[in-house]
Amino acid sequence: MSTESGVAHGAGHRPAPFRPDLYAGAAFIVLGLAFAIAGSRYDVGSALRMGSGYVPLALGALLAVLGLLVVAMAFRGGDPAIRDVQREPVPWRRGGLLVGAVMFFGFFVSGLGLAPTLFVTTFIAALAGHGTSPLKAALTSAGITALCLVVFVALLRLRLPLLGEWLGG
Amino acid sequence: MDGILLGLETALQPSNILICLLGVTLGTAVGVLPGIGPTATVALLLPITFEFDAVASLIMLAGIYYGAQYGGSTTAILLNLPGESSSVVTALDGHQMARQGRAGPALATAALGSFFAGTVGTIVLAAFAPPLAQLALKFGPADYFAVVVLGLIASIALASGSTVKALAMIVLGLLLGTIGQDQFTGVPRFTFGVRELYEGLDFVSLAVGLFGLAEIIRNLESRHSASIVTRKVEGLWLKKDDFRRITKPVLRGTALGSVLGVLPGGGHVLASFTSYSVEKNLSKDPKKFGTGVIEGVAAPESANNAAAQTSFIPLLSLGLPAHPVMALLVGAFIIQGITPGPNVINDEPELVWGLIASMWVGNLLLVMLNLPLIGIWVKMLAVPYEVMFPAIIAFASIGCYSLNLNAWDVFAIAGAGVVGYFLIRWGCEAAPLLLGFVLGPLLEENLRRAMIISRGDPTVFATRPISASLLALAAVIIVIAVLPSVRRKREVVFQGEDD
């Protein structure tokens, strides 16, 4: 992602803000406010009898303030720890495949059962590899599925059905 | 010392030795994978341990931990890829030794030094944890609150990177810890009506996502091209001269590590860096450090391991995890229905001492088995990453799902993985978040109890001597961490020693 390219020199005297800090700070502010606002809907109570919302409200506000500090850091040259590090582009497709693989497992493991779900999950994940063809991914996932079934079902005796209710297991 | 005997009796039961061995083997196998450090290894293998009862699962975890550490040293030495900050120093001289064809002695030194240091650390732990736990029993809620605050603050002081970001990550972790039913009123918080979230976010999923999945996504940013030094891992044993050279560094490293390991928040990192500097300064020929001297491997590896062992002192006496792996152990304790804290040593002596003893047994097994097997671990490095990471995804998914058969635990891995990937990319470390998440409920509980006892008077934290001094210490640490001059010095330490 080229927009994330470090301390780009903008027009005028002020350098452009350091984007990673800007994003991190914004994330902290949004999350902090979300927890604070949602927390204030619960019973906040008083310092003597703190309700369910007291601690989330206080911590959420604190997180938002810290987020502001991180944003301020973005305008002052950025975090020295990562400022000069060369960042590779975000692997959207590969990362998406990995996350998709995990989500697939969560959605389908109870319905399809362990064996088919595992095969598809590892197949999707394997596709994320550099230069992995669908055939190679299928071979890889078949091997891993077999290994997992031996380890988890045969050796560790996990009580997970191999075939789910949708497949008559 | 009765405790140690009880522990050895537990740890030396044949079934437990077998489980420990399984843990060591698995830990090493996953730990040698490039890009998967000890914390990620323990997180990924954590779910498997829950198949066993409490004692056995913690023993297995201890084995995994030692195996993972050794695996981390192996990648540091053979690939120049330290899995975590404490083995950065090992890589300095270790990798140079490997390039000179002395990978064998370097690995043997790491294992033997670790074993000696672990043994001493175990004795220190056995001597100091029980009295400290006795002291901790006198703590009131205000004092406990202060202890937790100090632990959290100390964890950022020793981390590399930005202090503000680390603080923000802690607070975010604390907030994530509030998800689920309020322990005082039973009100479900931030659950959006999802019943599965009433118990809170699953700790294991969070750890697996933050450390495992996020790390894999990061590794996929670029093609893996590590230069593996596999040619000459022969001549494993140390020569007589090597033994003579490593004796004193091992002793000094062990002493430093035992003391610094007690510090919450990353004493093991500090220990390995400090011991390396000490050896360099004491050496007649300091310029040789960094070119593959055996002392440069012996000292930090011993310090690291001694510290790893004594960092159990705050965990077992106060319930405070000193670094991310300890936080994972706290999570494991809690899942087994045990709340870590001063009571555990008295209530569950078999468990605690069994755990301590099996740390030592795990270390011993490592020396006995892994040194001869080093050839196999080196071959593990040759398994392509394209095959390895789908397998890791599969293991992590099955492991987390099988705990509660709850699909939300699996979704949590995906969520934590995405969040973790971007936060790490933006310079925010995941470890403080995990510490915050684990300690959050403890912090809130003690804050609320302290305020009820003091009838809403917040000065209670300043008037009780224990809490006042601990909070003052925490404040000092924050000030020091933020001060620019100290920051600069700290960066020098973290940027290596090759001046």
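Letters A, B, ... mirror the listed sequences (proteins, then strands); counts begin at 1.
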Most contacts with chain A, counted as non-hydrogen pairs under 4.5 angstrom, among [options]:
{"options": "B:A414, B:S397, B:G427, B:A407", "answer": "B:S397"}
{"options": "B:T178, B:T185, B:L175", "answer": "B:L175"}
{"options": "B:L423, B:I413, B:I170, B:I217", "answer": "B:I217"}

Establish, yes or no, whether a centroid distance under 6.0 Å links the rings of B:F422 and A:W92.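 Ring centroids of B:F422 and A:W92 are less than 6.0 Å from each other.
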Could you check, using the six-membered ring where one of them is a Trp, whether A:Y42 and B:F190 have ring centers closer than 6.0 angstrom?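 Between B:F190 and A:Y42, which both carry aromatic rings, the centre distance is below 6.0 Å.
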On a heavy-atom basis, which atom in B:A394 and which in A:T122 lie closest, and how many Å separate them?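 Taking every non-hydrogen atom into account, CB-CG2, 3.5 Å.
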Can you see whether B:S205 engages B:D202 through a side-chain donor-acceptor pair at a distance of less than 3.5 angstrom?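 Distance-only check passes for B:S205 and B:D202.
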Can a salt bridge be assigned to the pair B:E444 and B:R189 using a cut-off of 4.0 Å between side-chain N and carboxylate O?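 Yes.
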Structural part of [X] lying under 4.5 Å from a heavy atom of chain A:
{"X": "B:F184", "answer": "neither"}
{"X": "B:I452", "answer": "both"}
{"X": "B:V387", "answer": "both"}
{"X": "B:I393", "answer": "side chain"}
{"X": "B:I453", "answer": "neither"}

Tabulate, in ascending numerical order, the residues of residues 137-145 of chain A having at least one heavy atom closer than 4.5 Å to a heavy atom of chain B, or enter 'none'.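 The list, in residue order, reads A:T140, A:I144.
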